[in-house]
Amino acid sequence: MTSLEFSSIRKCFGPTVALADFDLTIAPGEFISLLGPSGCGKTTALRIAAGFERADAGTVSLGGHDLSPIPAHKRNMGMVFQSYSLFPNLDVRKNVAFGLKTRRLESSVIARRVDEMLEIVQLSGLGDRFPHQLSGGQQQRVALARALAVRPEVLLLDEPLSALDARVRSTLRDEIKRIQRDTGVTTLFVTHDQDEALAMSDRVGVMSEGRLEQVGSPHEVYQSPASPFVARFVGSINEIPSEQGTILVRPEALTIHENVHHGKWIGTVVASTFQGPSTLIDVRLDALDRLVRVHTPTGTYDGVAGSRVSISMVGDHLLAV
Amino acid sequence: MTSLEFSSIRKCFGPTVALADFDLTIAPGEFISLLGPSGCGKTTALRIAAGFERADAGTVSLGGHDLSPIPAHKRNMGMVFQSYSLFPNLDVRKNVAFGLKTRRLESSVIARRVDEMLEIVQLSGLGDRFPHQLSGGQQQRVALARALAVRPEVLLLDEPLSALDARVRSTLRDEIKRIQRDTGVTTLFVTHDQDEALAMSDRVGVMSEGRLEQVGSPHEVYQSPASPFVARFVGSINEIPSEQGTILVRPEALTIHENVHHGKWIGTVVASTFQGPSTLIDVRLDALDRLVRVHTPTGTYDGVAGSRVSISMVGDHLLAV
Amino acid sequence: MRGRVFGRVVAPLILLVAAAFFILPLFAMMRFALQNVQVIDLRWSNLFDKWSLAPLWSAFSDDQFGRALTLSLKLAIGTGLISLLLLVPTIVWVHLRLPRARSTVEFLTILPYVIPAIGMVAGIMVIKPHARWFLNSDLSLIPFYVVLALPFTFRSIDSGLKALDLRTLVEASRSLGYGWIRTIVHVIVPNLRTAILSCLFLTVAVVLGEYTIADVLLKRTFPAFMGEYRGSDPKGGYGLAILSLVVTTLIFMIIGLVSRPKSARRRRARGTT
Amino acid sequence: MRGRVFGRVVAPLILLVAAAFFILPLFAMMRFALQNVQVIDLRWSNLFDKWSLAPLWSAFSDDQFGRALTLSLKLAIGTGLISLLLLVPTIVWVHLRLPRARSTVEFLTILPYVIPAIGMVAGIMVIKPHARWFLNSDLSLIPFYVVLALPFTFRSIDSGLKALDLRTLVEASRSLGYGWIRTIVHVIVPNLRTAILSCLFLTVAVVLGEYTIADVLLKRTFPAFMGEYRGSDPKGGYGLAILSLVVTTLIFMIIGLVSRPKSARRRRARGTT
């Protein structure tokens, strides 16, 4: 368990500024996500930590030691990639053992470590399969086992779930979180998916155009966004003009009334989106000619398109802009 | 608006049965999703409707007319593909006009139709861009405009969202649904993502191993699954042994008590997953040594790992197996 | 670190040495042809002395020159068109229906390259008396040239197709109302423009370079003319060879520039950081 | 519908006709070499008459045979190894650091194929008096053969690398503690096995097929021996040509079978219906 610290990192690709004065400290054992849209610099930050890119300015340090002069293969970081990265010529066991082979361990030690890792990722029975015989989700599990087998000081996860099917994605998400909790490895996770970032992280760093807009717990970035960008990027948001300017309101901070006189704004239901436990109701407000989305527990309101309804606030708004 | 009917379709690829006695009628103007895991045959059904595969037995008919003898290019169906399918040598306008060119329309009619379509998919300003200058989401919008421009009798959507980022995916999902509602085109949508199927469809067909397990409204398949497979595949499910056998219970049908004597089962909180409006709490039950997931509105219970809690049912279970 | 040393020093060095074995002989040939200096006297010191294009001009004025060039151009056009007509539909078909066979087919098309030309020549000589009706025509060279060019014509069309998401484009086109032939004409061919261009220029290069078969079949193609002319005027002959080589190389450079890689597309479309 | 007609009838027909222009001459050559019948008398009616391997046996017993074959094999091994040592790191480097330059480099490697061999030969003749120290060695042919084989050796390594997700594999390897050289040895080379194999056999084919340069430089390689032997015994000479051709073809078929396409992988991994 080691801390990883970025200080004043700057990185340009030609005229594009990928990172500008990027500062972030990941505490030992912490799971931090970098969340942001395409091109916000999140992957660049991870690749600088891994040693695959060189910062133009600033330092990355691991447990207080500057990493700059150390080449990628001596940094002792485990990495899981977005695309399937298993060595196609090696079976699962040999893939997991790959990083151990170069560390001069006895073969019995290696075998034991591989067994242990396969058990952690729940693939004990598949040690002699080859990568092309595995599903995408299994391949990413093996990649995780391979990265953890070398007992890295930091685990770097570069959108490891984004090539997977929805269902596999959510299972593996829970599992990565469990494994990280059990091993206690300091983890930097890069994603563009806010659900993943909120669900998995101790803290989330929301990025935009090479800068960290906010770093905080999932609750904080969701419920107390530091900027309109964070409010809009993390979770759904309604933007409603009011006396205080345009207020940003989460769909669950609104409630819907079948009686048009009960709420603050009157409108017509346009559509409803069934989500299982909850249903989203889209309402076009009369006065503002604007769509507003209301989050309701399924069954509380049926939301037939065309119904006249009114809406009021039950929670606070996040920001006024 | 035309109906599309599959009757007793059978299709094998070598020894693999892709579809076995597949029956489905899509009413005029209806939006039906086929939902299922990889290899369940959903894409095969769509490709048979499009004319890209030939059924081994059974018929597909459109408005009562058997399609079997009609080649793909005479079926008048619009299709949007999973991978980006725009013609790379043509700009956006020419892509959208492509299907109209072969229909001997006057060029002024074509131009008007293209304008109209670009407006519907909200890309009016980008008519002279080339596909490689567009984002993935924009490319899929153009593909949708291109498919709809020919006024197809049926719209076939083959996982059109699965190559997109989470955020783009959810925006485009709402938009496809809106456009389908506005145009009223009969639509067959294939997906492995239950969120998409539930959110967009009039009816969902849940498939497994070449068979339809259940066809029903999103509410029906979610709340009254016809089989354990459907219950497990659509939405999250808890399986709890009880007097009636193992009961299948949705996380939102459970509630959590900080007082261990209030609930039916006692256990320890293992993890909590923040989802924004809601939080999932994973509890390991003492007696059953089994993880149970409880869906709580965010803020109602904090879910610190290690807390002793009890759980009770507030809703009904779906099935007992 | 080592990666960087390799990139900055070793890799360029390798390219340089490889280029040397390639360029030095050509350069020497150029001096022989166009410098009015005895071969035995060619040194670095007289590198810039007495250059002259006169040997070329006298070659141009030979009365066989025009006829030979015309025949070769006819052959080039015929070879190019027939190659395209055969290859485009066939390779499309292999890609869509027999993707597993693709690498086998690719392998087979190398054979014309690895089989010694002498083998083909010997065969033709034996078969000649039995196929005069066919071999008498000047254009009977075309099928042989189509086969000879196959290793590269196949590859250029094949890699052009590989860069497309062929199946999806074909299905998109068909779902929009285009049959197979119209799909090939309106979708595939326009997206293979650079591949088709390079295929055509490759056949030109083969036709302008092939000497042995033309000689055996007694056709007066441009390379055959060059060979003969070289006998009477070595400097002019080698001058022609250099010229055709320079023209070919220039054409290739131009194609190379025109056919810029479009690999950036997909990555941008995926939209990851 | 048309697609089906094309697939069942036209495409196989095209392959057949192309094969005919390729196989018929070879077949005729075989009859000439191994049938004890006057050329003028070769007809379909005597297709099965008087076949004999005697011309081959007498060629084998020539005392130059062994020495020429040994030299050619040495050259083949040298050419193969040097090609690999130069190409693998260079192409890896181009893929990772200069992906935009890849297609330009690919284009340049075609040049040795399109430049008439006669050009190179002329150049060598001119340069010869100035480089005797180098050209006197039998192995001085190796660099020329490396360049000659470049169009295909480059392509085989290049397409082998293209089939890998090279950047990710290299980064995975480095993040697991392997430096550049160990990454090439432990990750890249093992995953290029079939590409390397086909690269090696291609150099063998080039070395066994090249006659002109060896002749100019007065090296007694196997093709040079064949050419000379053909002068004294045409049947035996053509018999040898056929034999080397059959051996080469067999090797290619074997490589073709060994290097089965692995394209199924990704699709299965993506996991769509």
Side-chain angles (χ1 to χ4, degrees), chain A residues 37-38 135-136 159 161-171 173-174 177-178 181 191-201 204 217-219 221-223 232-236 250-253 270-280 282 291 293 295-299 302 305 315, chain B residues 37-38 135-136 159 161-171 173-174 177-178 181 191-201 204 217-219 221-223 232-236 250-253 270-280 282 291 293 295-299 302 305 315:
Chain A
S38 301
S135 71
E159 313 214 21
L161 304 174
S162 65
L164 304 174
D165 282 3
R167 193 145 271 275
V168 181
R169 199 157 52 214
S170 94
T171 318
R173 177 168 94 183
D174 294 344
K177 184 56 197 158
R178 172 182 63 75
R181 209 167 40 226
T191 182
H192 59 258
D193 185 328
Q194 46 132 340
D195 290 340
E196 286 173 11
L198 293 181
M200 299 170 77
S201 322
V204 179
S217 72
H219 277 85
V221 297
Y222 186 81
Q223 280 160 341
R232 290 183 188 121
F233 194 82
V234 182
S236 317
R250 295 269 179 234
E252 65 269 24
V270 176
S272 73
T273 305
F274 180 63
Q275 291 194 311
S278 55
T279 302
L280 301 175
D282 290 342
L291 271 187
R293 174 160 277 190
H295 177 275
T296 63
T298 293
D302 268 353
Chain B
S38 301
S135 72
E159 312 215 22
L161 306 174
S162 64
L164 304 175
D165 282 4
R167 190 146 273 274
V168 180
R169 197 156 55 215
S170 94
T171 316
R173 176 168 95 185
D174 294 345
K177 183 59 195 155
R178 173 183 62 76
R181 209 165 41 225
T191 183
H192 60 257
D193 184 330
Q194 47 131 338
D195 290 339
E196 286 173 10
L198 294 180
M200 299 169 79
S201 322
V204 179
S217 72
H219 277 85
V221 297
Y222 186 81
Q223 280 160 342
R232 289 181 189 122
F233 194 80
V234 181
S236 316
R250 296 269 178 232
E252 65 270 24
V270 175
S272 74
T273 305
F274 180 63
Q275 292 194 312
S278 55
T279 302
L280 301 175
D282 290 342
L291 270 187
R293 175 161 276 191
H295 177 275
T296 63
T298 293
D302 268 353

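Protein chains get the first letters and strands the later ones, always in sequence-line order, with residue 1 at the start of each. Because the structure is a prediction, the values reported are computed rather than measured.
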For His219(B) and Thr298(A) the tightest heavy-atom approach is NE2-CG2, 4.0 Å

Applying a strict 4.5 Å limit to non-hydrogen atoms, the region of Val168(B) in contact with chain A is neither

If one checks every heavy atom of Glu196(A) against chain B at 4.5 Å, the contacting part turns out to be neither

Quiz prompt | Asp174(B)/Arg293(A) salt bridge by N-O under 4.0 Å criterion | solution = yes

One option among Gly315(B), Pro297(B), Ser278(B), Ala166(B) has the most heavy-atom pairs under 4.5 Å with chain A, and it is Ala166(B)

Rounded to the nearest 0.5 angstrom, the OG-CZ distance for Ser38(B) and Arg167(A) is 12.0 Å

Distance col, row Thr279(A):OG1 vs Leu198(B):CG, nearest 0.5 angstrom, shows 10.0 Å

Nearest heavy-atom contact between Arg181(A) and Ala271(B) is NH1-CB, 3.4 Å

If you tally heavy-atom pairs under 4.5 Å between each of Lys177(B), Gln275(B), Arg178(B), His295(B) and chain A, the highest tally belongs to His295(B)

Note: Tyr222(B) and Gly276(A) closest approach over all heavy atoms is CZ-CA, 3.4 Å

